[in-house]
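What follows is a set of notes on a single structure, which appears directly below.
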Amino acid sequence: FIACADFACQAAHLLEKAMEEFSPEELPQKLDEIHAVEHAADEKKHVVLNTMVKAFITPIEREDIILLSQNIDEMTDKIEDVLIRIYHNNIRSIRPDALQLAKVVIRCCEAVKEMMGEFADFKRSKTLHDRVVNINTMEEEADQLYISSMHTLHTTCTDPIEIISWREIYMYLEKCADACEHVADVVESVVMKNS
């Protein structure tokens, strides 16, 4: 799970770098880089699920392992989706508030990775609950940034195509934070079931 979460962190950092050092001409190469990370994450998820198939006894219920694997994989998928939208929509420059949202996504991903490190010892952990709450708080921060970014977009931009394009990108950035929160929710659920 930690390795799977690390792929999401790698993808988030690649997304931020692509946005910070934005060059429309380099987007196809950046897409290839982030897709390679996403593909590696898929491979790791299959390793986790194949290991589970061979295990006679698993540390938590099989359904929870599947759900955690899928949700962690979804983090990486959503991050790749943002860069795909930037490319699809032929974005020529990055709005500062989008970069702010990307930075929150990085913090969320890093927090999930740390939480998964703590999850290995969830029955004795003293900090796991606080880590879940922290991710929920960051997701709320992303929601607020999303709302203010959308408002700014609609009050300062007059080009309808640009508005449509950025609405989609903001929405996908916000979904990245949601994906992180979904992992935290599953972890919390597993702890409740096994306590």
* Structure fact -> d(L153 CG, Y146 OH) to nearest 0.5 Å is 10.0 Å
* Cluster check V187, I66: I/L/V/M/F/W/Y, side chain < 4.5 angstrom -> yes
* To do: Work out which heavy atom in S125 is nearest to a heavy atom in E118; give both atom names and the distance.
  => OG-OE2, 2.6 Å
* **Main-chain N/O of D130 paired to T127 side chain as donor or acceptor, under 3.5 Å** => no
* Asked: Rounded to the nearest 0.5 Å, what separation is found between the CD atom of E38 and the CE atom of M75?
  -> 13.0 Å
* **Residue pair I91 / S165: nearest heavy atoms and the distance that separates them** => CD1-CB, 3.9 Å
* To do: Identify which one of I79, V37, I72 satisfies the side chain to side chain contact (heavy atoms under 4.5 Å, CB included) criterion when paired with F7.
  => V37
* Asked: Above 12 or not: heavy atoms from other molecules or residues under 6.0 Å from NZ of K30?
  -> yes
* **Separation between CZ of R85 and CD of E80, rounded to the nearest 0.5 Å** => 9.5 Å
* Return the minimal non-hydrogen interatomic distance between V105 and A12, and the atom names on each side. => CG1-CB, 4.4 Å
* Is the shortest heavy-atom distance from the side chain of Q144 to the side chain of E141 under 4.5 Å? -> no
* Does one hydrophobic cluster hold both M171 and L145, with members joined at side-chain heavy-atom distances below 4.5 Å? -> yes
* Asked: Does the side chain of H182 come within less than 4.5 Å of E74's, by heavy atoms?
  -> no
* Using 4.0 Å as the upper bound for N to carboxylate O, is an ion pair formed by D81 and K175? -> no
* Do other residues, nucleotides or ligands put more than 12 heavy atoms under 6.0 Å from H46 NE2? -> yes
* Asked: Does L173 reach the side chain of L15, with side-chain heavy atoms less than 4.5 Å apart?
  -> yes
* Please confirm whether the backbone N or O of D185 pairs with a side-chain atom of S189, one donor and one acceptor, at under 3.5 Å? => no
* State plainly whether one hydrophobic cluster holds both V133 and V190, where clusters connect Ile, Leu, Val, Met, Phe, Trp and Tyr through side-chain heavy atoms under 4.5 angstrom apart. => no
* **Gap separating the CD atom of E168 from the CD1 atom of I86, nearest 0.5 angstrom** => 10.5 Å
* Asked: Under a 4.5 Å cut-off applied to non-hydrogen side-chain atoms, are R167 and H154 in contact?
  -> yes
* Asked: Under 4.5 Å between side-chain heavy atoms, hopping through other hydrophobics if needed: is there a path connecting V47 to L67?
  -> no
* Check against side chain to side chain contact (heavy atoms under 4.5 Å, CB included), V104 and C108 -> CA-CA 6 Å; V104 174; C108 285; 4.2 Å; yes
* Asked: Would you say D73 and C4 make side-chain contact, with heavy atoms under 4.5 Å?
  -> no
* Asked: For L68 and V183, which heavy atoms make the closest approach, and how far apart are they?
  -> CD2-CG1, 4.0 Å
* Provide the closest heavy-atom pair for D6 versus K113 in the form atom of the first, atom of the second, distance. => OD1-NZ, 2.8 Å
* Indicate yes or no: at least one non-hydrogen side-chain atom of P28 is less than 4.5 angstrom from one of Y87. => yes
* Are any non-hydrogen side-chain atoms of V112 and R131 less than 4.5 angstrom apart? -> no
* Asked: Passes side chain to side chain contact (heavy atoms under 4.5 Å, CB included), C176 versus V82? Steps please.
  -> CA-CA 9 Å; C176 294; V82 175; 3.7 Å; yes
* To do: For A111 and M138, work out which heavy atoms get closest and say how close.
  => CB-CE, 3.3 Å
* salt_bridge(R124, D121) N-O dist < 4.0 Å -> yes
* So how far is it from K78 NZ to I84 CD1, rounded to the nearest 0.5 Å? -> 10.5 Å
* Asked: Which residues pass the ring pair (Phe, Tyr, Trp, His ring centres under 6.0 Å) test with F122, sequence neighbours left out?
  -> F119
* Given H13 and E110, is the side chain to side chain contact (heavy atoms under 4.5 Å, CB included) satisfied, shown in steps? -> CA-CA 10 Å; H13 283 287; E110 297 287 353; 2.8 Å; yes
* Asked: What do the steps show when you test Y170 against D97 for side chain to side chain contact (heavy atoms under 4.5 Å, CB included), and what is the final call?
  -> CA-CA 9 Å; Y170 288 136; D97 47 11; 2.5 Å; yes
* Asked: So if you build clusters from Ile, Leu, Val, Met, Phe, Trp, Tyr with side-chain heavy-atom gaps below 4.5 Å, do L83 and I106 land together?
  -> no
* K126 atom NZ, neighbour heavy-atom count above 12 within 6.0 Å -> no
* Structure fact -> Taken to the nearest 0.5 Å, the spacing of R95 CZ from M19 CE works out to 11.0 Å
* To do: Determine whether E162 and R92 make a side-chain contact, defined as any pair of heavy atoms from C-beta on separated by less than 4.5 Å.
  => no
* **K103 bridged to E20 by N-O distance under 4.0 Å** => yes
